[in-house]
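Position 1 is the first residue of the sequence, and the numbers go up from there.
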Amino acid sequence: MKTVAFIIIILAVAAGLYFLLKPEKDIMSDPRIDKFARIQAEIEIEAVRNNQDSVLMDSVRDSIYEYYNVSAQWVKEVRGMIDRDPQKWVDVYQLMIDHAEYIRDSLMHRRPIQSDSI
(Lines give C-alpha, C1' and ligand atoms only; values in the text may rest on other atoms or scores of the structure.)
Protein backbone atom coordinates (compact mmCIF):
# COMPACT_ATOMS: atom_id res chain seq x y z
CA MET A 1 0.00 0.00 0.00
CA LYS A 2 2.90 2.33 0.80
CA THR A 3 4.38 1.65 -2.64
CA VAL A 4 1.17 2.77 -4.38
CA ALA A 5 1.03 5.97 -2.32
CA PHE A 6 4.70 6.62 -3.08
CA ILE A 7 4.10 6.17 -6.84
CA ILE A 8 1.10 8.50 -6.73
CA ILE A 9 3.14 11.16 -4.91
CA ILE A 10 6.01 10.83 -7.41
CA LEU A 11 3.58 11.14 -10.35
CA ALA A 12 1.90 14.18 -8.79
CA VAL A 13 5.26 15.88 -8.22
CA ALA A 14 6.38 15.04 -11.77
CA ALA A 15 3.14 16.40 -13.26
CA GLY A 16 3.44 19.57 -11.17
CA LEU A 17 7.03 20.13 -12.26
CA TYR A 18 6.11 19.52 -15.88
CA PHE A 19 3.38 22.17 -15.83
CA LEU A 20 5.53 24.64 -13.93
CA LEU A 21 8.68 24.20 -15.97
CA LYS A 22 7.44 23.31 -19.45
CA PRO A 23 8.77 25.61 -22.15
CA GLU A 24 6.33 28.13 -23.54
CA LYS A 25 4.96 27.43 -26.98
CA ASP A 26 6.78 29.36 -29.69
CA ILE A 27 4.31 31.90 -31.02
CA MET A 28 5.77 31.54 -34.50
CA SER A 29 4.09 28.14 -34.76
CA ASP A 30 0.69 29.81 -34.34
CA PRO A 31 -1.01 29.97 -37.79
CA ARG A 32 -2.35 33.43 -36.97
CA ILE A 33 1.20 34.83 -37.14
CA ASP A 34 1.63 33.97 -40.82
CA LYS A 35 -1.80 35.38 -41.66
CA PHE A 36 -1.02 38.53 -39.66
CA ALA A 37 2.28 38.96 -41.54
CA ARG A 38 0.55 38.62 -44.92
CA ILE A 39 -2.07 41.17 -43.91
CA GLN A 40 0.51 43.64 -42.62
CA ALA A 41 2.66 43.21 -45.75
CA GLU A 42 -0.29 44.00 -47.99
CA ILE A 43 -1.25 47.02 -45.89
CA GLU A 44 2.31 48.36 -46.09
CA ILE A 45 2.43 47.82 -49.86
CA GLU A 46 -0.85 49.69 -50.27
CA ALA A 47 0.37 52.49 -47.97
CA VAL A 48 3.33 53.07 -50.27
CA ARG A 49 1.16 52.87 -53.38
CA ASN A 50 -1.27 55.41 -51.94
CA ASN A 51 1.41 57.77 -50.62
CA GLN A 52 0.39 57.16 -47.01
CA ASP A 53 -3.00 58.83 -47.65
CA SER A 54 -4.70 58.05 -44.32
CA VAL A 55 -8.24 58.62 -45.59
CA LEU A 56 -7.77 56.23 -48.50
CA MET A 57 -5.86 53.75 -46.34
CA ASP A 58 -8.82 53.30 -43.99
CA SER A 59 -10.91 51.80 -46.78
CA VAL A 60 -7.96 49.83 -48.19
CA ARG A 61 -7.21 48.39 -44.74
CA ASP A 62 -10.86 47.45 -44.28
CA SER A 63 -10.94 45.70 -47.65
CA ILE A 64 -7.79 43.73 -46.78
CA TYR A 65 -9.32 42.73 -43.45
CA GLU A 66 -12.47 41.67 -45.26
CA TYR A 67 -10.49 39.64 -47.82
CA TYR A 68 -8.70 37.76 -45.03
CA ASN A 69 -11.92 37.53 -42.99
CA VAL A 70 -10.46 39.24 -39.92
CA SER A 71 -11.37 42.26 -37.83
CA ALA A 72 -9.35 45.12 -36.42
CA GLN A 73 -9.81 43.46 -33.03
CA TRP A 74 -8.25 40.22 -34.36
CA VAL A 75 -5.24 42.15 -35.66
CA LYS A 76 -4.93 43.95 -32.31
CA GLU A 77 -4.97 40.64 -30.42
CA VAL A 78 -2.29 39.07 -32.60
CA ARG A 79 -0.17 42.23 -32.38
CA GLY A 80 -0.51 42.06 -28.57
CA MET A 81 0.60 38.43 -28.59
CA ILE A 82 3.73 39.38 -30.55
CA ASP A 83 4.35 42.40 -28.32
CA ARG A 84 4.59 40.06 -25.31
CA ASP A 85 7.67 38.56 -26.98
CA PRO A 86 9.16 41.58 -28.84
CA GLN A 87 12.09 39.59 -30.23
CA LYS A 88 9.58 37.76 -32.43
CA TRP A 89 8.94 40.95 -34.40
CA VAL A 90 12.15 40.21 -36.33
CA ASP A 91 10.64 36.91 -37.47
CA VAL A 92 7.30 38.55 -38.26
CA TYR A 93 9.03 41.25 -40.34
CA GLN A 94 10.85 38.51 -42.24
CA LEU A 95 7.51 36.83 -42.98
CA MET A 96 6.20 40.18 -44.19
CA ILE A 97 9.21 40.63 -46.48
CA ASP A 98 8.82 37.09 -47.83
CA HIS A 99 5.16 37.72 -48.62
CA ALA A 100 5.92 41.07 -50.28
CA GLU A 101 8.56 39.38 -52.44
CA TYR A 102 6.09 36.63 -53.33
CA ILE A 103 3.58 39.26 -54.44
CA ARG A 104 6.23 41.05 -56.48
CA ASP A 105 7.35 37.82 -58.12
CA SER A 106 3.81 36.70 -58.92
CA LEU A 107 3.04 40.07 -60.52
CA MET A 108 6.23 39.96 -62.59
CA HIS A 109 5.28 36.57 -64.05
CA ARG A 110 1.76 37.47 -65.11
CA ARG A 111 1.12 37.65 -68.79
CA PRO A 112 0.28 41.11 -70.09
CA ILE A 113 -3.31 41.61 -71.19
CA GLN A 114 -3.62 41.10 -74.91
CA SER A 115 -5.09 44.01 -76.79
CA ASP A 116 -7.89 43.33 -79.28
CA SER A 117 -6.79 46.19 -81.52
CA ILE A 118 -4.31 45.11 -84.13
Side-chain angles (χ1 to χ4, degrees):
M1 191 62 139
K2 289 183 180 183
T3 309
V4 173
F6 180 71
I7 291 173
I8 292 174
I9 292 171
I10 293 296
L11 289 175
V13 168
L17 286 174
Y18 173 77
F19 287 111
L20 288 175
L21 301 175
K22 73 177 181 178
E24 289 187 29
K25 182 181 172 188
D26 182 19
I27 66 168
M28 295 309 292
S29 64
D30 189 321
R32 294 178 297 171
I33 298 296
D34 187 58
K35 187 174 187 177
F36 174 84
R38 290 192 317 262
I39 291 167
Q40 291 306 115
E42 292 186 22
I43 288 171
E44 292 302 319
I45 289 167
E46 291 300 323
V48 169
R49 279 188 55 219
N50 295 304
N51 295 319
Q52 305 290 334
D53 181 344
S54 62
V55 173
L56 182 59
M57 279 308 297
D58 287 342
S59 65
V60 168
R61 184 179 305 107
D62 290 343
S63 70
I64 292 171
Y65 288 173
E66 184 177 326
Y67 175 80
Y68 281 99
N69 195 28
V70 299
S71 65
Q73 180 61 33
W74 182 91
V75 171
K76 183 179 177 182
E77 289 171 7
V78 176
R79 182 176 283 124
M81 181 176 64
I82 300 166
D83 284 343
R84 286 190 290 278
D85 191 359
Q87 295 171 343
K88 294 299 180 183
W89 275 109
V90 173
D91 298 328
V92 172
Y93 289 140
Q94 187 57 54
L95 289 173
M96 290 170 63
I97 291 167
D98 293 345
H99 185 66
E101 289 174 346
Y102 171 78
I103 291 170
R104 180 197 65 202
D105 291 345
S106 67
L107 291 174
M108 290 175 64
H109 291 97
R110 284 190 183 169
R111 290 181 141 177
I113 298 173
Q114 298 295 324
S115 175
D116 288 338
S117 61
I118 295 181

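Closest heavy-atom contact between Ala41 and Ala100: CB-N, 4.4 Å.
With sequence neighbours left out, the side chain to side chain contact (heavy atoms under 4.5 Å, CB included) criterion links Ser71 to Gln73, Trp74. Remark: Glu46 pairs with Arg49, Asn50, Met57, Val60, Ile64 by the side chain to side chain contact (heavy atoms under 4.5 Å, CB included) rule, at least two apart or across chains. With sequence neighbours excluded, the residues satisfying side chain to side chain contact (heavy atoms under 4.5 Å, CB included) with Gln87 are Asp85.
Separating the OH atom in Tyr68 from the CD atom in Glu42 is a distance of 3.5 Å, to the nearest 0.5 Å. Rounding to the nearest 0.5 Å places CD1 of Ile43 at 4.5 Å from OH of Tyr65. A distance of 14.0 Å separates NZ in Lys88 from CG in Asp83, rounded to the nearest 0.5 Å. Ile45 CD1 to Ile103 CD1: the interatomic distance, rounded to the nearest 0.5 Å, is 4.0 Å. Interatomic distance, NZ of Lys76 versus CE of Met81, reported as 15.0 Å (0.5 Å rounding). Atom CZ of Arg32 sits about 7.5 Å away from atom CD of Glu77, to the nearest 0.5 Å.
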Query raised in the report: Passes side-chain contact (heavy atoms from CB on, under 4.5 Å), His99 versus Gln40? Steps please.
Result: CA-CA 10 Å; His99 185 66; Gln40 291 306 115; over 6 Å; no
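Looking at Asp34 and Arg38, a side-chain N of the basic residue comes within less than 4.0 Å of a carboxylate O on the acidic one, giving a salt bridge.
Just one of Asp30, Asp91, Ile33 meets the side-chain contact (heavy atoms from CB on, under 4.5 Å) condition when paired with Ile82; it is Ile33.
Tyr67 and Leu95 fall within the same hydrophobic cluster, where Ile, Leu, Val, Met, Phe, Trp and Tyr residues are linked whenever their side-chain heavy atoms come under 4.5 Å apart, directly or through other members. Taken together through direct or relayed side-chain contacts under 4.5 Å among Ile, Leu, Val, Met, Phe, Trp and Tyr, Trp89 and Val78 form part of one hydrophobic cluster. A continuous path of Ile, Leu, Val, Met, Phe, Trp and Tyr side chains, each step under 4.5 Å between heavy atoms, connects Tyr93 with Met28, placing both in one hydrophobic cluster.
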